[in-house]
Student: 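Sharing a structure here in structure tokens format.
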Amino acid sequence: MRQNLVIGASCCLLAIAWSCRDKPMVDPCSGVSAPPTDFKMYTVLTQFLNPGLKDTFQVPEGINNFYYNSSTMDEPIEVNFEADPLSDSVKWKIGNDSRNFTNRKFFLQFSAPVGKVDVRLIQYRQINKTCFPKDDGVDTFYKRFYVNDGKTSQPILGRFKGYMVGSEQDTFTVTIHHYANSATSRGYYFIKNLPKGNNAIPLGRTDYPDGQGDVIRTLGNRFTISSDYGFSQMHNAGLSYSLGYVRNDSLVINYNLTRNMGKGTFIGIRKK
């Protein structure tokens with residue numbers, strides 16, 4: 001009888017061993033996100049026709065120079081800040097602002113070319129030393145951006161020779177410039193000769209001199225043709241989208257007019 005019990009116990013142990021062998025060990029750190037290494041900081045171009053395209057007009061984090069046109073009359077530059085959504089609490093320090101910001105996500109408006117703005121974020125979260133032995137649950141990040149005077153340092157200003165995609169042999173020059181009718185006026189940014197031969201002047205406006213071109217809204221090195229004015233208005237009040245940018249002296253503009261009135265992509269190189 002004793003021998004049978006020993007044999008039975010041995011069989012049970014063997015069965016358990018084989019059962020454990022069939023089940024792989026579960027990694028407790030599988031799928032666990034590493035501690036954050038950055039936070040989001042971006043702006044969004046405003047005054048476009050379709051609010052559903054807001055993400056299309058987001059200026060990416062690689063852009064940290066924003067250009068303000070006037071210190072008194074123009075729209076403020078709105079900068080968005082976002083900490084990690086899993087953080088338990090946060091502390092922001094934004095430039096010389098004396099306020100304490102403790103929201104994970106918020107925005108600030110800048111109504112003047114204030115120059116350099118330093119940003120510090122401290123965020124607190126649960127410690128995970130099992131997966132990250134050196135984790136202390138505190139993340140501190142620094143960034144910097146500039147709000148500059150757009151009348152003197154806007155990077156999109158200039159003449160760009162190029163073509164519409166699909167008609168590469170037909171080259172022409174697009175001009176982006178600033179115009180103000182007085183020293184105290186905020187003025188506007190205009191784009192001339194887009195599409196080729198088109199210098200639409202906003203209907204009903206008398207404060208834009210002949211030949212200035214279409215009004216555009218600028219931010220960083222990106223811009224959108226104003227949805228209220230310009231050739232968009234000449235084609236039944238609106239663009240479904242228009243977005244342009246300048247990078248390394250190259251200009252790219254994508255636009256799509258409403259009601260199938262035309263669309264295209266212009267690519268140009270700055271003329272020195």
Student: If we only count heavy atoms from C-beta on, is the Trp92 to Arg99 side-chain gap below 4.5 Å?
Tutor: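 Trp92 does not reach Arg99 side chain to side chain.
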Student: From Thr175 OG1 over to Phe190 CZ, what is the distance, rounded to the nearest 0.5 angstrom?
Tutor: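 Between atom OG1 of Thr175 and atom CZ of Phe190 there are 13.0 Å.
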Student: Taking side chain to side chain contact (heavy atoms under 4.5 Å, CB included) as the test, write out the residues that go with Arg125, two or more places apart.
Tutor: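 Arg125 satisfies side chain to side chain contact (heavy atoms under 4.5 Å, CB included) with Pro35, Pro36, Asp88, Asp135, Asp139 once adjacent residues are dropped.
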Student: So which atom in His177 and which in Lys192 form the shortest heavy-atom distance, rounded to 0.1 Å?
Tutor: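 Shortest heavy-atom separation between His177 and Lys192 comes out as NE2-CD, 3.7 Å.
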Student: Apply side chain to side chain contact (heavy atoms under 4.5 Å, CB included) to Val119 and Val79, showing your working.
Tutor: CA-CA 11 Å; Val119 181; Val79 182; over 6 Å; no
Student: Shortest non-hydrogen contact from Gln123 to Ala83?
Tutor: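 Scanning both residues completely, I find the closest heavy atoms to be OE1-CB, 3.4 Å.
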Student: Report, as yes or no, whether the 6.0 Å neighbourhood of atom CG on Asp27 holds more than 12 heavy atoms from other residues, nucleotides or ligands.
Tutor: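 Enclosed.
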Student: A quick test of your reading: do over 12 heavy atoms of other residues, nucleotides or ligands sit less than 6.0 Å from CZ of Phe107?
Tutor: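 No - once you tally the heavy atoms of other residues, nucleotides and ligands closer than 6.0 Å, there are 12 at most.
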Student: Nearest 0.5 Å, what's the CG-CD1 distance between Asn254 and Ile267?
Tutor: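 The distance works out to 8.0 Å.
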Student: What distance do Thr37 atom OG1 and Phe141 atom CZ have between them, rounded to the nearest 0.5 Å?
Tutor: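 With rounding to 0.5 Å, OG1 (Thr37) is 6.0 Å from CZ (Phe141).
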Student: In terms of heavy-atom contacts, does CD of Gln126 have more than 12 from other residues, nucleotides or ligands at under 6.0 Å?
Tutor: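 No, the 6.0 Å shell around CD holds no more than 12 heavy atoms from other groups.
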Student: Tell me whether Lys143 contacts the main-chain N or O of Phe39 through its side chain, where contact means a donor paired with an acceptor under 3.5 Å.
Tutor: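 Confirmed, Lys143 side chain pairs with Phe39 backbone.
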Student: Please tell me if the side chains of Arg247 and Val252 come closer than 4.5 Å, counting only heavy atoms from C-beta onward.
Tutor: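 Answer no - side chains too far apart.
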Student: Crowded around Asn248 CG? As in, over 12 foreign heavy atoms under 6.0 Å?
Tutor: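 Not more than 12 within 6.0 Å, no.
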Student: Shortest non-hydrogen contact from Val246 to Phe160?
Tutor: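 Here Val246 and Phe160 meet closest at CG2-CZ, 4.1 Å.
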Student: Would you indicate whether the side-chain heavy atoms of Ile176 and Leu251 approach each other to under 4.5 Å?
Tutor: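 A side-chain contact under 4.5 Å exists here.
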Student: Hey, mind stepping through Met164 and Leu194 against side chain to side chain contact (heavy atoms under 4.5 Å, CB included) and telling me if it holds?
Tutor: CA-CA 10 Å; Met164 301 300 297; Leu194 184 78; 4.3 Å; yes
Student: With the side chain counted from C-beta on, respond yes when Asn96 and Val114 share a heavy-atom pair under 4.5 Å apart, and no when they do not.
Tutor: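 They are not in side-chain contact.
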Student: Taking all atoms of both residues into account, what is the closest heavy-atom pair of Lys93 and Asp97, and its distance?
Tutor: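 Minimum heavy-atom contact is NZ-O, 3.0 Å.
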Student: Taking a hydrophobic cluster as the set of Ile, Leu, Val, Met, Phe, Trp and Tyr residues connected by side-chain heavy atoms closer than 4.5 Å, whether directly or through intermediates, do Phe101 and Val147 fall within one such cluster?
Tutor: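 Yes.
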Student: Using modelled atom types only, decide if a donor and an acceptor are shared between the side chain of Gln169 and the backbone of Ser167 within a distance under 3.5 Å.
Tutor: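 Checked: no pair found.
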Student: Which distance, rounded to the nearest 0.5 Å, do you find between the NZ of Lys272 and the CZ of Arg270?
Tutor: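 Here the interatomic distance stands at 6.0 Å.
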Student: Considering all heavy atoms of both residues, which atom of Asn193 and which atom of Phe172 are nearest to each other, and what is their separation?
Tutor: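 Asn193 and Phe172 have their closest heavy atoms at O-CE1, 3.4 Å.
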Student: Any side-chain heavy-atom pair from Tyr142 and Arg144 closer than 4.5 angstrom?
Tutor: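 When only atoms from C-beta onward are counted, Arg144 and Tyr142 do not touch, as no gap falls below 4.5 Å.
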Student: What closest approach, in Å, do Phe145 and Met41 show between heavy atoms, and which atom pair accounts for it?
Tutor: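 Smallest interatomic distance, heavy atoms only, reads CD2-SD, 3.6 Å.
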Student: If you measure from NZ on Lys271 to CG on Asp249, what distance do you get to the nearest 0.5 Å?
Tutor: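 Reported to 0.5 Å precision, the distance equals 14.0 Å.
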Student: Without swapping roles, check the side chain of Ser87 against the backbone of Asp84 for a donor-acceptor pair under 3.5 Å.
Tutor: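 Side chain of Ser87 to backbone of Asp84: a pair is present.
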Student: Measure the NZ-CG distance between Lys40 and Asn80 for me, rounded to the nearest 0.5 Å.
Tutor: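 Answer rounded to 0.5 Å: 11.0 Å.
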Student: Report yes if some heavy atom in the side chain of Leu121 is under 4.5 Å from a heavy atom in the side chain of Glu82; otherwise report no.
Tutor: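 They are not in contact (no side-chain heavy atoms under 4.5 Å apart), so the answer is no.
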Student: Could you tell me if the side chain of Lys91 sits less than 4.5 Å from the side chain of Tyr124, heavy atoms only?
Tutor: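 Yes, side chains in contact.
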Student: With a 4.5 Å cut-off on side-chain heavy atoms, are Phe110 and Val117 touching?
Tutor: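 A side-chain contact exists here, since the closest heavy-atom pair is under 4.5 Å.
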